[in-house]
Every structure is written in structure tokens, then in C-alpha cells.
Amino acid sequence: MTGATRELLLSRIRDVQDYPKPGVLFKDITPLLADPKAFTVLTDTLAELCVREGATKIVGLEARGFILAAPVAVKAGMGFIPVRKAGKLPGATLSQAYDLEYGSAEIEVHAEDLDADDRVMVIDDVLATGGTAEASLELIRRAGAEIAGVAILMELGFLGGRARLEPALRGAPLECLITL
């Protein structure tokens with residue numbers, strides 16, 4: 001990715017003070033999504049990563065990962081698989097629980113959407129503590145698929161998500177377009 005691409009994307013991410021609670025600086029990607037040039041550049045960049053890594057399917061993590069991953073899948077000519085919070089998918093699912101800073105959560109995927117022939121690229125908007133991405137890798141492997149990599153728009157480096165995610169990647173690449 002070029003420096004100009006990084007600057008374009010970064011210029012379309014808005015800081016929102018004290019959201020969702022006091023003391024938090026929220027990184028809002030909705031201005032980027034509203035700008036057709038920036039959104040197209042992001043989609044093209046992520047699609048190129050998926051093709052380069054030999055992915056056959058793309059997983060988007062709920063919820064903003066859906067917004068990014070679906071157009072990437074279309075652009076790259078690959079299937080899109082949503083990984084959702086527990087209880088949101090109909091039919092047979094595989095689930096994976098994981099720990100959060102305060103409590104736990106669970107994600108699910110349709111069991112029949114992935115198989116041993118698939119190389120999966122996971123896409124999300126933010127890498128924070130790494131818990132959801134780590135759980136998604138385990139879930140994908142349990143479905144029998146291989147990990148092609150993880151592609152993230154923005155890494156919040158000060159939260160340590162990369163260090164948590166590295167062992168779960170097992171050598172698969174982690175591409176963060178912007179690191180803050």
C-alpha cells in the first residue's frame with residue numbers, strides 16, 4: 001500500500017471523544033464509507049491482499065467487518081462468509097467462545113459454509129485486543145478450512161492485539177493498513 005493510500009484512508013477516519021463512554025477515543029470509519037473514492041481504494045487494496053494470499057473465501061467479523069468484507073469478496077470474485085455473534089445465524093452453526101476484558105463472548109459461523117478446500121482471509125475494521133480475531137481463526141480451523149491471513153483496516157497498537165493474535169496465526173500473515 002502506498003503512503004498516499006494510507007493518508008487518504010486515515011484522513012477519512014474521524015475521532016469521536018468520549019464514545020461509547022467517557023475517556024474513550026472512538027475511531028469512526030463512517031466518513032471513509034461515505035466517500036466513494038476512499039471506500040473504493042480500501043476495497044481494491046483489501047481485494048488485492050486476498051488474491052495475493054491465495055484466499056478462496058472471505059470472512060467478515062460482525063459488524064463493521066461485514067461492511068468491509070462483502071464488497072472485497074465481490075471485487076475479488078470470492079465467497080463472503082459472515083461470522084456473527086451467537087444466536088444470530090439460522091441453521092447448524094459452529095461456535096467459539098472467547099474472553100473479553102470484562103466477561104466473555106461467543107461467535108458463530110454456518111457449519112456448511114467452509115470446508116477443507118477453502119483458504120480464508122479474515123477482514124475486520126479494527127484490531128484492538130485481538131480476542132474476536134483470535135476466536136475467528138479457531139472457528140475457521142474447526143470448520144476444516146485453512147487460514148490465508150487476516151486483513152485489518154486499523155490496528156490500535158497500544159492495546160496489544162497483535163501479540164495476542166500472533167500465536168493463533170500460525171505463520172499466516174496479518175496485514176494492518178493503518179497502525180495507530
Value rounded to 0.5 Å, distance of [atom1] in [X] from [atom2] in [Y]:
X	Y	atom1	atom2	result
Glu175	Leu177	CD	CG	7.5 Å
Leu61	Ile152	CG	CD1	7.0 Å
Leu127	Leu180	CG	CG	11.5 Å
Asp15	Leu25	CG	CG	4.0 Å
Arg12	Leu32	CZ	CG	8.0 Å
Leu165	Glu155	CG	CD	9.0 Å

[Y] backbone acceptor or donor facing [X] side chain under 3.5 Å:
X	Y	answer
Glu62	Lys85	yes
Asp18	Gly23	yes
Arg162	Leu156	no
His110	Leu94	no

Considering all heavy atoms, the nearest [X]-[Y] contact:
X	Y	value
Phe80	Ala69	CE1-CB, 3.5 Å
Ile13	Ile178	CD1-CD1, 3.9 Å
Leu114	Ala145	CB-CB, 4.2 Å
Ala73	Ile58	CA-CD1, 3.5 Å
Ser136	Ile107	N-CD1, 3.6 Å
Leu139	Glu108	CD2-C, 3.8 Å

Going by atom types alone, do Thr2 and Thr5 pair a side-chain donor with an acceptor below 3.5 Å?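 Indeed, the side chains of Thr2 and Thr5 share at least one donor-acceptor pair under 3.5 Å.
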Do Tyr98 and Ser104 have side-chain N/O donor and acceptor atoms under 3.5 Å apart?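 No donor-acceptor contact under 3.5 Å links the two side chains.
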Given Glu146, which partner from the list Arg170, Arg119, Arg141 fulfils the side chain to side chain donor-acceptor pair (under 3.5 Å) test?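 Exactly one candidate clears the test, Arg119.
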Out of curiosity, does Phe39 fall in the hydrophobic cluster containing Leu153 (side-chain heavy atoms, cut-off under 4.5 Å, transitive links)? yes
Assigning hydrophobic clusters by single linkage (Ile, Leu, Val, Met, Phe, Trp, Tyr; side-chain heavy-atom cutoff under 4.5 Å), is Phe158 placed with Tyr19?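 No, no single cluster joins them.
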Kindly write out the residues that satisfy side-chain hydrogen bond (donor to acceptor under 3.5 Å, both in side chains) with Asp118, not counting sequence neighbours, or none if the list is empty.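 Scan of Asp118 (side-chain hydrogen bond (donor to acceptor under 3.5 Å, both in side chains), adjacent residues dropped) gives Thr56, Lys57.
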Are more than 12 heavy atoms, taken from residues, nucleotides or ligands other than Phe26, located less than 6.0 Å from that residue's CZ atom? yes
